[in-house]
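In what follows, every chain begins at residue 1, and chains take the letters A, B, ... in the order their sequences are listed.
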Number of protein chains: 2
Amino acid sequence: MAISEAEAVVMDVLWRKAPRTAEEILAEVGPAQDWQEGTVKSLLNRLLRKKAVHAERDGRRYLYTPLLTREQYVQQESKGLLDRLFGGRVAPLVAHFSEQRKLSKKDVSELRKLLQELDDEQH
Amino acid sequence: MAISEAEAVVMDVLWRKAPRTAEEILAEVGPAQDWQEGTVKSLLNRLLRKKAVHAERDGRRYLYTPLLTREQYVQQESKGLLDRLFGGRVAPLVAHFSEQRKLSKKDVSELRKLLQELDDEQH
DNA sequence: ATGTTATGTTTACACGCGTAAATGATCGCG
DNA sequence: CGCGATCATTTACGCGTGTAAACATAACAT
């Protein structure tokens, strides 16, 4: 089952640093998200059920660690979008952003470098 | 309110050709999706409520036309993903697919061409 | 004018999500 | 040992979604 958006926010905290307690997660995410403690606990439990995080008892509390990696998550999400909207091909996606003037100078130079590197690898 | 995935399937049919009747939509989408007539009708009604399509009476039936354009939809969806996962920047997204070996030869050559064109425009 | 057919509209229902209150378990202190 | 504090688990609730059955309505044929 898929990770929801709110759940992903919690994962994000764990991806930055793990393991963490529920309290730490709340501290990091509460202000921005304006969530109560119960909300974070629920999200953690759903993530446990989905096997996206692991909980290890540490005295009276639990330490949460991500099982699903950020790579895996990003992979799923972006492949889904790519397939649904761009026939699974990357170039049309970039073209889309290009038309939308969403390519910064930095993007362009990085893309250039990336293509260069692919060239080099290509022996 | 956002267009859901099932709703987007209906939109897709209309983007390919419009206006269309509910029956035509069902004919096009039913086999692949294995949907009943009622399902398509419901989706159309929700799209109406969301002002994503317009319905015009034509005798005993309605002709449905998209109001939301494919461009707009693609725009929303892909910007969302870009912001959530790649800090709103395109290059990291492409880098991601590159690492994942998801760049076909065709992608690479098209990207090269794209960058070339951007260069040319650049006066 | 009426029944049958073709359409559209309403209602339904289970499930996931966002959010949180209520409840339960556990630890430390007195 | 019993109480309060601290966590975690369970339960709840409204909302959107996916799916569809039930119901209403309008058009056509007889």
Side-chain angles (χ1 to χ4, degrees), chain A residues 1-14 18-66 68 73 76-77 80-81 84, chain B residues 1-14 18-66 68 73 76-77 80-81 84:
Chain A
M1 205 175 310
I3 303 296
S4 81
E5 206 160 320
E7 287 159 3
V9 171
V10 171
M11 291 303 287
D12 238 316
V13 175
L14 290 175
R20 306 232 217 184
T21 69
E23 190 186 12
E24 287 172 302
I25 295 169
L26 174 63
E28 180 131 342
V29 95
Q33 229 64 28
D34 199 38
W35 282 343
Q36 297 301 112
E37 199 178 329
T39 304
V40 172
K41 300 281 180 66
S42 275
L43 292 173
L44 280 170
N45 274 310
R46 288 175 185 172
L47 287 169
L48 279 173
R49 226 179 301 135
K50 293 178 185 182
K51 307 265 191 242
V53 308
H54 169 78
E56 182 173 5
R57 182 143 236 151
D58 170 47
R60 65 181 135 197
R61 52 178 87 190
Y62 277 101
L63 292 176
Y64 298 91
T65 318
L68 179 74
Y73 176 71
Q76 289 169 203
E77 290 295 300
L81 180 115
R84 273 191 305 124
Chain B
M1 203 175 312
I3 303 297
S4 81
E5 204 160 320
E7 287 159 2
V9 171
V10 171
M11 290 303 289
D12 238 317
V13 175
L14 290 174
R20 306 233 217 183
T21 69
E23 189 186 14
E24 288 172 302
I25 296 170
L26 175 63
E28 180 130 342
V29 96
Q33 230 63 29
D34 199 38
W35 282 343
Q36 297 302 110
E37 200 178 328
T39 304
V40 172
K41 301 281 182 65
S42 277
L43 293 172
L44 280 170
N45 272 312
R46 288 175 187 173
L47 287 168
L48 279 172
R49 226 180 300 135
K50 294 178 185 180
K51 307 264 191 242
V53 308
H54 168 78
E56 182 174 4
R57 183 143 237 149
D58 171 46
R60 65 182 134 194
R61 52 178 89 188
Y62 276 101
L63 291 177
Y64 297 91
T65 318
L68 179 74
Y73 175 71
Q76 290 169 203
E77 291 295 299
L81 180 116
R84 274 191 302 125

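- The distance from atom CD of A:Gln33 to atom C1' of C:dG18 is 11 Å, rounded to the nearest whole Å.
- In this structure, B:Lys50 and B:Asp34 both approach DNA chain D, and ranking their closest nucleotides by distance from the 5' end singles out B:Lys50.
- One axis for each end of the helix from C:dA1-D:dT30 to C:dG30-D:dC1, each built from five base pairs, and the angle between them comes to 30° at 10° resolution.
- A heavy atom closer than 4.0 Å to some atom of DNA chain D occurs in A:Lys41, these being the qualifying members of residues 35-44 of chain A.
- For B:Asn45 and C:dT7, the CG to P distance is 16 Å, given to the nearest whole Å.
- Residue pairs meeting the salt bridge (charged side-chain N to carboxylate O under 4.0 Å, His left out) criterion with at least one partner in residues 51-61 of chain B, sequence neighbours excluded, do not occur; the list is empty.
- Between A:Glu77 and B:Leu81, the shortest heavy-atom distance links the atoms O-CD1, 3.7 Å.
- Among residues two or more places apart in sequence or in another chain, the ring pair (Phe, Tyr, Trp, His ring centres under 6.0 Å) test is passed with A:Tyr62 by none.
- A:Gln76 is listed as a side-chain neighbour of A:Leu68, based on a closest heavy-atom distance under 4.5 Å.
- For B:Thr39, the side chain to side chain contact (heavy atoms under 4.5 Å, CB included) criterion is met by B:Trp35, B:Gln36, B:Leu43, not counting sequence neighbours.
- Nearest heavy atom pair, residue A:Pro19 against residue A:Leu63, reads CB-CB, 3.9 Å.
- The nearest whole Å value for the distance from the CD atom in B:Glu24 to the P atom in C:dA6 is 16 Å.
- Heavy-atom contacts of chain A under 4.0 Å fall on DNA chain D between two terminal nucleotides, which in 5' to 3' order are D:dC7 to D:dA12.
- For B:Val13, the side chain to side chain contact (heavy atoms under 4.5 Å, CB included) partners are B:Arg16, B:Arg20, B:Ile25, B:Glu28, B:Val29, not counting sequence neighbours.
- Side-chain to base pairing of A:Arg46 with C:dT19: one donor and one acceptor N or O lie within less than 3.5 Å of each other.
- Residues passing the salt bridge (Lys or Arg N to Asp or Glu O under 4.0 Å) test with A:Glu23: none are found, sequence neighbours excluded.
- Here A:Glu37 pairs with A:Leu26, A:Lys41 under the side chain to side chain contact (heavy atoms under 4.5 Å, CB included) rule; sequence neighbours left out.
- The shortest heavy-atom contact between A:Leu48 and A:Val53 is CD2-O, 3.4 Å.
- Taking the side-chain hydrogen bond (donor to acceptor under 3.5 Å, both in side chains) definition, one finds that A:Arg49 meets it with nothing, sequence neighbours left out.
- Listed here is the closest heavy atom pair of A:Ala22 and A:Leu44: CB-CD1, 3.9 Å.
- Shown for residues 54-65 of chain B: residues whose heavy atoms fall under 4.0 angstrom of DNA chain D, namely B:Arg60.
- With sequence neighbours excluded, the residues satisfying side-chain hydrogen bond (donor to acceptor under 3.5 Å, both in side chains) with A:Thr21 are A:Glu24.
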